[in-house]
Structure formats: C-alpha cells, structure tokens
Amino acid sequence: MKTKIYNDIINSLIKINSKFNDNFTVEIPNIVEHGDFSSNAALINAKNLKMKPIDIAQKIADDLSKKKEYKSVEIAGPGFLNFKLAYSLYYKELQGIVEAHDKYGSSNYGKQKKVLIEFISANPTGPLNVVSARAGAYGDSLYRIMNHIGFEPFREFYVNDAGNQVDILAESLEIRYRELHGHVVEDFPFEAYHGEYLKDLASELSTVEGTKLFHMTEEDRLERMRIFALDAIHKMQVNSLNRFDVHFDNWMSEKKLRSEGILEEALSYLAEAGCTYDKDDAVFFSSTKFGDEKDRVLIKADGNPTYLVPDIAYHLTKYNRGFDIIIDVLGPDHHGHVSKLRAAMKALELDGSKLEVVYLQHINLLQDGEVVKMSKRAGKIVSMDELLDEVGKDAARYFFINRKPSAHLDFDLELAKKKSSENPVFYCQYAYARINSILKKAKKAKLSLKKFDVKNLKKLKKIDEINLVKKMMDLSSILKLCADNREPHRLAAYVHELAGMFHKYYAKYKIIDEEKAELSLARLYLISAVQNVISISLYLMGISSPKKM
RNA sequence: GCGCCCGUGGCUCAAUUGGAUAGAGCAUCUGACUUCGGAUCAGAGGGUUGGGGGUUCGAGUCCUCUCGGGCGUGCCA
C-alpha cells in the first residue's frame with residue numbers, strides 16, 4: 001500500500017515537472033491525526049523544483065484527492081502530505097491476512113539470497129551458558145525472519161574441537177577420573193575447567209570403562225578422554241538447544257577442517273599472495289598492509305598454528321560455499337580479532353562487504369540487585385538449562401530478543417523467575433489465548449465464520465477497528481527492518497503493541513452480540529486476523545502461542 | 001595511548017534509519033468486574049535524550065569537541 005501511494009505521488013510530480021527527486025518516503029505517522037500515511041515528498045523536492053514546499057504539496061493534494069481510494073489528502077506543518085484512505089482498502093487487506101494464514105507477511109523480498117548465520121559457536125568444553133542463550137535466541141530468530149521473507153538462510157555452529165583448550169579439557173577430565181578412583185589430587189590446576197559437570201562425566205566414563213584407562217599409555221588415555229568429553233558435551237549442548245527450540249543446519253568441526261588440509265590451503269594462499277614471512281622461528285602474516293596495527297603470528301615458534309589460522313580457513317570455506325551474505329554473531333570481546341580476520345580476507349582478495357559481524361553485548365546477571373560474576377574457569381556460570389528451568393523457553397527467548405544486539409543486557413534473575421504480568425511475553429500470549437477463547441464461545445453461540453460473507457466487513461466502522469488492521473499491515477515492513485538491520489528486537493516491540501491494541505479493543509467493545517449477528521461475525525473475523533498475526537510474530541521469535549494459559 | 005560499543009523519566013528499554021507533540025513496561029498514585037478470560041482496561045505524575053558547538057525546512061539519530069561506563073589492543077582461544 002505504501003508503494004501504491006509512492007507511485008501515485010510520482011505520477012503527480014511528473015505532471016508538475018520532470019526534474020523531481022524520487023528520494024522521498026511514505027510512512028505511517030506516529031500520530032493518528034496525521035492520517036493513515038504521510039509523505040515528505042514536497043519537502044524533499046522544494047530545492048529541485050524551486051518551489052515552496054507548501055505549493056508543491058498543494059498541487060499533489062489537488063491531483064490525488066480526485067482519486068476515490070483517497071478519503072482525504074491534507075497538507076500539514078511545513079509541507080507534509082497526510083493521506084486518509086477509503087475503508088474498503090482496509091477490508092480487502094484484512095481479508096488477505098486471514099486468507100494468507102501463517103504465510104501472512106511472507107514475501108520474496110530476500111530474492112533467495114543465501115545467508116550464512118554463524119552463532120553461539122561456544123567452546124565444546126562445558127554446558128551452554130546464558131551468553132549462548134542470548135546468541136541462540138538472536139540467531140535463530142533472525143533465521144526465522146529471513147526465511148519468512150524470501151532469503152535462504154543457513155544456521156551454523158562452529159565447534160572449536162581442536163587446539164589447546166581441548167587438551168585442557170582432557171586433562172581436567174583425567175583429574176576428575178583419578179579423584180573418582182581414589183587418587184588424591186592436591187592442587188587442581190588454575191587453568192583447568194572447574195565445573196561440576198566434569199565430575200559427572202568422569203563417573204559416566206567409569207561406568208563405561210571402569211579402571212581400564214589406567215592401563216593405557218598417557219597419550220592414549222588422554223585421547224580417549226578427549227573424544228569422550230567432546231562427544232558428551234556436544235550432546236549436552238544439543239540437548240539444551242533443543243529445549244530452547246534453537247536448531248542448526250550444520251555443525252562445523254575445526255578438527256575436520258584441519259584433517260581436510262584446509263588450514264594448509266589457507267596458508268598457502270596467503271603465502272602465494274606474498275603476505276607471509278618468517279621471523280624468530282615463527283611465520284607472520286603481514287596484516288599491516290591491510291590496515292592492521294601490527295603483523296600477526298600464524299605459526300608459532302613451536303610449530304603449532306595460532307587460532308587465527310583455522311579461523312581464516314573457516315571463513316575461506318564460508319566464501320567458497322557461495323553465500324551472498326555471511327553473518328558472524330560474536331561476543332564483544334572479539335572485535336579485536338575481527339580486524340585481523342578482515343585483513344586476511346583482503347589479502348585473499350575476497351569481498352569484505354559480504355562479511356558482517358554482529359556484536360552481542362554482555363549480559364549482567366543480577367541477583368538481589370547485585371551483579372553475579374561469571375567465570376568459566378571457576379565454574380560459576382549460570383547455564384542455559386538452569387535458565388530454562390527457572391523462566392521457561394518462551395520468557396527467556398522474549399527477554400533476549402526484546403533488546404537490540406548492541407545493547408548491554410541486565411538480566412534480573414529474580415524478576416525473570418516471576419511468572420506474572422511483569423513479564424511482557426505473557427501479555428502477548430494472553431491476547432492470543434483470549435481470542436481463542438472468544439472464538440470458542442462464538443461457536444457455542446452458533447456464530448460461525450465459515451458462513452461469513454466478507455462483504456459484511458463494512459460493518460467494521462470504528463476507528464479502533466481500522467487501526468487494528470493498519471497495525472497488522474505493518475508486519476511485512478517490520479520484518480524487512482528486522483532482516484535488513486539484523487535486529488529482530490523490533491518484532492518483539494511490534495507484537496507487544498499489537499497485543500496491547502487488541503486488549504484495549506476488547507475492553508471497549510463487545511465482540512459477541514447475539515442481537516447483531518453480522519457485526520459480531522465481522523468482529524470475530526477481525527480478531528481472528530489479529531490472532532493470526534500474533535501467532536506468526538511469536539513463532540518467528542521461537543515463542544509458542546498457547547490456546548489456554 | 002590507540003580502536004570498537006554504549007549513555008534517553010526512579011529502573012529496564014523503544015523510537016519505521018534525518019520527520020511533526022521523544023514512546024512502552026516496571027515502580028508510584030487514582031479508578032473499573034453480576035457481562036466475551038482482571039495475566040486486562042481507563043487515568044495521573046515523572047524528560048534540557050550525559051554536556052558544548054556545528055550541518056538544515058527539521059537532530060535522540062549525522063559531523064566535531066568533551067565527560068562518564070564497558071570491551072579490546074597475546075607466539076591464549
């Protein structure tokens with residue numbers, strides 16, 4: 001509908017002067033008195049056309065008010081054009097919402113662009129924590145939204161199952177295993193993983209292997225520990241993610257990348273490009289050529305690659321797999337790292353504009369008003385499972401999505417535990433459940449929408465009813481904003497507003513009035529559309545729509 | 001030092017990408033159920049958008065300076 005108005009304005013502008021500027025917008029104003037839609041076309045064109053904005057606006061208004069679709073075209077302020085549309089257009093749109101059902105708001109906007117969204121990518125050294133939960137809620141919702149409007153998104157989890165930390169993991173498990181079998185371990189190493197889950201893993205390992213492992217060579221034993229721990233922790237993480245309704249299309253293993261020789265490949269490309277050199281027994285990447293502050297080590301003096309190498313190799317595979325857009329969802333402590341990565345992409349002559357990095361800011365966990373210090377090493381972290389136990393999937397997902405990624409997040413554990421009206425997700429779900437119950441009651445009163453003739457939508461004459469339709473029509477532009485800016489939080493605000501409008505409407509008007517069957521049916525039709533839009537929005541955030549609460 | 005992110009009512013956050021009177025929730029106060037679900041609704045108070053300057057018809061948004069807070073700046077990952 002916006003584009004229709006936009007085109008109508010263009011046609012009017014052509015009549016005035018062909019040298020107009022089409023860089024104006026058509027928007028839905030915040031203030032109801034400003035009409036259904038408004039445009040700044042006259043303001044933008046004042047310079048080009050060498051006319052006063054008000055005069056341009058007047059010409060456009062005169063031209064467009066001849067059309068029957070426009071109930072009124074008014075000029076306001078310095079030269080804004082405010083449009084009011086005929087109700088028949090809204091009835092048609094309302095019908096479209098109901099008929100499209102769960103496809104409403106979907107489109108071919110993304111033109112099948114292939115989008116890789118890498119998120120969470122937590123180390124496989126322990127259970128997922130609340131930081132991963134935020135990334136999970138964010139990445140999965142972005143996926144759902146992009147999928148809905150015609151992109152081809154792909155979800156990937158990068159598993160750092162090789163390297164130093166995995167050795168530490170194996171050693172940590174070994175210590176727990178020894179303890180379990182009566183060995184006294186005097187000083188638990190500081191750098192080892194201290195979490196309780198390793199004790200559980202040790203006892204699981206013991207039931208499988210008994211004391212057999214003590215008879216192996218140290219090397220074999222640690223390898224067994226490594227494989228066992230990685231596998232068990234992976235399952236643990238998948239299990240938590242299933243509870244959170246977050247899923248992946250691919251788990252990319254660093255170990256696999258290494259075994260396939262991709263690291264060497266990446267290194268040789270860099271060498272061919274003349275971007276590497278040897279110094280102090282190490283191999284350096286001359287990243288300063290590409291805007292980095294200093295050159296970075298690729299191969300350490302001990303012959304092992306730094307973390308940068310597998311990361312470059314991994315991103316090389318992202319490009320090679322033919323994605324149009326590559327999105328990395330990272331924690332804020334990675335931004336120093338990304339400049340190195342970008343330098344490498346430049347050195348390999350890859351299109352840097354394809355790679356986007358979204359930084360999710362930190363989460364402060366608040367308990368009794370105090371910040372809970374989280375430390376992986378000390379094992380003092382709140383896990384995703386604990387969070388789900390306490391607040392449930394729906395509230396947790398809403399809570400995380402409700403904020404833009406770049407904002408810091410204070411997660412008040414006490415507040416989140418409360419299953420009360422303080423939690424906005426209940427407000428939205430309640431609207432859905434309430435509509436459901438009204439529709440059920442309507443059936444009992446023998447008001448069936450199946451017999452409803454859409455011609456009777458003209459019974460919907462209240463401005464509140466038209467406003468509900470207008471709000472629902474916003475969905476597709478909200479989804480575009482969410483997708484283009486990689487900011488799903490707008491959808492959370494949107495569904496909350498829509499639910500609010502419905503609650504107000506419900507309180508003000510009686511929907512089922514047995515003496516006015518046609519009006520009742522028209523209103524039932526309206527609220528069934530609202531229910532549909534709420535359900536779609538919640539689904540896109542991974543939140544359920546319960547029929548009863 | 002240098003780089004990145006953030007600063008909006010008491011608290012947590014929005015603001016359709018530069019639009020008209022900066023909006024919600026929580027908290028506080030006042031009201032509304034014999035009626036479709038009160039997990040709701042109606043209403044009130046609360047703001048120099050950290051501060052100064054600039055760009056223009058128009059700035060929370062862009063530029064610049066400045067003050068706070070967070071993070072980064074490893075031959076750790």
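This structure is a prediction, so every number in the text was calculated from the model and none was measured. Reminder, nothing fancy here: chain letters follow the sequence lines and each chain counts from 1.
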Within the 4.0 Å heavy-atom criterion, would you say [X] contacts the bases, only the backbone, or no part of the nucleic acid?
X: Y505(A); answer: nothing
X: D280(A); answer: base
X: A76(A); answer: base
X: K547(A); answer: base
X: A433(A); answer: base
X: Y430(A); answer: base
X: K508(A); answer: nothing

Rounded to the nearest Å, what distance is computed from the [atom1] atom of residue [X] to the [atom2] atom of nucleotide [N]?
X: D302(A); N: G74(B); atom1: CG; atom2: C1'; result: 14 Å
X: K504(A); N: C41(B); atom1: NZ; atom2: C1'; result: 8 Å
X: Y359(A); N: G3(B); atom1: OH; atom2: P; result: 15 Å
X: Y509(A); N: C41(B); atom1: OH; atom2: C1'; result: 14 Å
X: I312(A); N: A77(B); atom1: CD1; atom2: P; result: 13 Å
X: D394(A); N: A39(B); atom1: CG; atom2: P; result: 18 Å
X: R403(A); N: G25(B); atom1: CZ; atom2: P; result: 15 Å
X: I28(A); N: G23(B); atom1: CD1; atom2: C1'; result: 16 Å

[N] to [M] separation - [atom1] atoms, rounded to the nearest Å:
N: G45(B); M: A39(B); atom1: P; answer: 28 Å
N: G7(B); M: U12(B); atom1: P; answer: 12 Å
N: C33(B); M: U40(B); atom1: C1'; answer: 10 Å
N: C57(B); M: G50(B); atom1: C1'; answer: 28 Å
N: G31(B); M: G68(B); atom1: C1'; answer: 42 Å
N: G54(B); M: G60(B); atom1: P; answer: 15 Å
N: U64(B); M: C4(B); atom1: P; answer: 11 Å
N: G46(B); M: C5(B); atom1: C1'; answer: 30 Å

It should be established whether [X] places a side-chain nitrogen or oxygen under 4.0 Å from OP1 or OP2 of nucleotide [N].
X: Y506(A); N: G38(B); result: yes
X: K440(A); N: C36(B); result: no
X: S437(A); N: G37(B); result: yes
X: K300(A); N: A77(B); result: yes
X: S406(A); N: C6(B); result: yes
X: Y427(A); N: G38(B); result: no
X: H334(A); N: C4(B); result: no
X: R523(A); N: C36(B); result: no

(request) Please name the residue in the list Y398(A), F426(A), Y427(A) that meets the ring-ring contact (aromatic ring centres under 6.0 Å, His included) test with H496(A). (result)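 So the option named by the test is Y427(A).
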
On a plain distance test, is the side chain of [X] in donor-acceptor contact with the base of [N] below 3.5 Å?
X: H337(A); N: G72(B); answer: no
X: Y307(A); N: A77(B); answer: yes
X: N82(A); N: A20(B); answer: yes
X: S38(A); N: A20(B); answer: yes

Where the side chain of [X] is concerned, which of [options] is the nearest nucleotide?
X: N164(A); options: A77(B), C57(B), C36(B); value: A77(B)
X: E293(A); options: C2(B), G25(B), C75(B); value: C2(B)
X: H489(A); options: G19(B), A15(B), C36(B); value: A15(B)

Ionic contact status for [Y] with [X], cut-off 4.0 Å:
X: R490(A); Y: E487(A); value: yes
X: E118(A); Y: K318(A); value: yes
X: R523(A); Y: E465(A); value: yes
X: D292(A); Y: R296(A); value: yes
X: K470(A); Y: D36(A); value: yes

(message) Would L267(A) and L298(A) count as a side-chain contact (heavy atoms from CB on, under 4.5 Å) here? Give the steps.
(response) CA-CA 8 Å; L267(A) 283 170; L298(A) 292 170; 3.9 Å; yes

(request) Assign each of K441(A) and Q165(A) to its nearest nucleotide of RNA chain B by heavy atoms, then name whichever residue's nucleotide is nearer the 5' end. (result)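 The answer here is K441(A).
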
(message) By nearest heavy atom, map I299(A) and D484(A) onto RNA chain B; which one lands nearer the 5' end?
(response)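 Closest to the 5' end, via its nearest nucleotide, is D484(A).
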
(request) Classify the ring geometry between H337(A) and H334(A) as parallel (under 30°), tilted (30 to 60°) or perpendicular (over 60°). (result)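 It falls in the perpendicular class, over 60°.
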
(message) Determine whether the aromatic ring of H34(A) stacks with the base of A20(B), defined as ring centroids separated by less than 5.5 Å and ring planes inclined by less than 30°.
(response)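 Yes, H34(A) stacks on the base of A20(B), since the ring centres sit under 5.5 Å apart and the planes are within 30°.
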
(request) Evaluate whether the aromatic ring of F80(A) and the six-membered ring of the A20(B) base sit under 5.5 Å apart, centre to centre, with an inclination under 30°. (result)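 The ring of F80(A) is stacked on A20(B).
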
Suppose we define a pair by two distances each less than 3.5 Å, Watson-Crick or G-U wobble; what does [N] pair with here?
N: U21(B); value: none
N: G72(B); value: C2(B)
N: G47(B); value: none
N: U8(B); value: none
N: C62(B); value: G54(B)

(message) I want to know whether Y314(A) and Y158(A) have ring centres closer than 6.0 Å.
(response)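 That pair passes the under 6.0 Å test.
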
(message) Would you say the rings of Y277(A) and F284(A) are close, in the sense that their centroids are separated by under 6.0 Å?
(response)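 When the ring centroids of F284(A) and Y277(A) are compared, they turn out to be within the sub-6.0 Å range.
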
